[in-house]
Amino acid sequence: MAEEKDPESTEAIVAELHKKIKEAFEVFDHESNNTVDVREIGTIIRSLGCSPTEGELHDFIAEVEEEEPTGYIRFEKFIPVMTTVLLEKRYRPIAEDVLLRAFEVLDPTKRGFLTKDELVKYMTEEGEPFSQEEMEEMLSAAIDPESNTINYRDYITMMVIDEN
């Protein structure tokens, strides 16, 4: 007999995912009308443990947006797509060791930290640059206000989502 998943456990998993998705969505549903600003979708997806690229995020938004874009995303269109994303474990975050190696490249003297100025330079002038808003958000979470540096090992630990 072929392996079959227990439909009750699958239903329980889906019900739990729906609950998490609804809670995340409601944080940004400021009018309590089951819609959120399209600009909030990336934040909602990331709050659910996903790390989509900008291209993946753009594709996701295109999938959940109305035929005639309104600037808002309805919960009814968001939940089935987000449920599929979570069930398929799409947009998984980068592994901790890969993040550490990336920060170490930016820290050739192996100090274990970057200054605020170094971080801003790398994140706004190299690769796919951060916007001002993204930079401010990262700095608020990453920078030690006393030393004005980022201890990247601590920051990575904070960023990485525990799968267990």
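Starting from 1, each residue takes its place in the sequence as its number. Values below: every heavy atom of this structure, side chains too, minus hydrogens, waters and symmetry copies.
Salt-bridge check for Arg153 with Glu104: passed, with a basic side-chain N closer than 4.0 Å to an acidic carboxylate O. Electrostatic pairing of Arg101 and Asp97 counts as a salt bridge here, judged by a charged N lying under 4.0 Å from a carboxylate O. Arg111 has a carboxylate O that lies under 4.0 Å from a charged side-chain N of Glu118, or vice versa, which qualifies the two as a salt bridge.
Residues Leu139 and Ile150 fail the side-chain proximity criterion, which asks for heavy atoms closer than 4.5 Å. Contact of the Ser32 side chain with the Glu26 side chain is not registered, since no non-hydrogen atoms from C-beta on lie closer than 4.5 Å. Contact annotation: the side chain of Ile73 approaches that of Glu65 to within less than 4.5 Å [non-hydrogen atoms, C-beta and beyond]. Using a 4.5 Å heavy-atom cutoff, the side chains of Leu119 and Met135 are in contact.
Here the CG atom belonging to Leu17 is positioned 6.0 Å from the OG1 atom belonging to Thr83, to the nearest 0.5 angstrom. Here Asp37 contributes atom CG and Phe28 contributes atom CZ; the two are 10.5 Å apart, rounded to the nearest 0.5 Å. With rounding to the nearest 0.5 angstrom, the CG atom of Asn148 is 12.5 Å from the CG atom of Leu114. The structure places CD of Glu136 at 8.5 Å from OG of Ser131, a figure rounded to the nearest 0.5 Å. A distance of 12.0 Å separates CD1 of Ile45 from CD of Glu40, quoted to the nearest 0.5 Å. Once rounded to the nearest 0.5 Å, the distance linking CD1 of Ile21 with CD of Glu16 reads 10.5 Å.
Follow the hydrophobic side-chain contacts under 4.5 Å out from Ile61 and you never reach Tyr72; the two are in separate clusters. Both Val98 and Leu106 sit in one connected hydrophobic cluster of ILVMFWY residues. Membership requires side-chain heavy atoms under 4.5 Å apart, directly or through other members. Side-chain heavy atoms closer than 4.5 Å link hydrophobic residues (I, L, V, M, F, W, Y) into clusters, and following such links, possibly through other members, connects Leu57 to Val27.
When all heavy atoms of Thr149 and Ser147 are compared, the pair lying nearest together is OG1-OG, 2.7 Å. Smallest separation of non-hydrogen atoms from Asp107 and Gly112: OD2-N, 2.8 Å. Considering all non-hydrogen atoms of both residues, Met138 and Tyr155 come closest at CG-OH, 3.4 Å. Nearest heavy-atom pair across Thr157 and Glu96 is OG1-OE2, 4.0 Å.
The neighbour count for Glu88 CD, taken as heavy atoms of other residues, nucleotides or ligands under 6.0 Å away, is above 12. No more than 12 heavy atoms of other residues, nucleotides or ligands lie within 6.0 Å of CD in Glu137, so this atom counts as exposed by the packing criterion. In the displayed structure, Glu31 atom CD is contacted under 6.0 Å by at most 12 heavy atoms of other residues, nucleotides or ligands. The environment of NZ in Lys77 is crowded: more than 12 heavy-atom neighbours from other residues, nucleotides or ligands sit within 6.0 Å.
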Task: side chain to side chain donor-acceptor pair (under 3.5 Å) between Thr35 and Asn33, worked out - done: CA-CA 6 Å; Thr35 64; Asn33 62 358; 2.6 Å; yes
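Sorted by first and then second residue, the ring-ring contact (aromatic ring centres under 6.0 Å, His included) pairs with a member in residues 33-60 read Phe60-Phe78; sequence neighbours excluded. Sorted by first and then second residue, the ring-ring contact (aromatic ring centres under 6.0 Å, His included) pairs with a member in residues 92-115 read Phe103-Tyr152; sequence neighbours excluded.
For the side chain to side chain contact (heavy atoms under 4.5 Å, CB included) test, residues two or more places apart in sequence or in another chain that qualify with Asn34 are Lys22, Asp29, Phe75, Glu76.
Here the rule is side chain to side chain contact (heavy atoms under 4.5 Å, CB included) with Cys50, and of Arg90, Glu56, Met82 only Met82 fits it.
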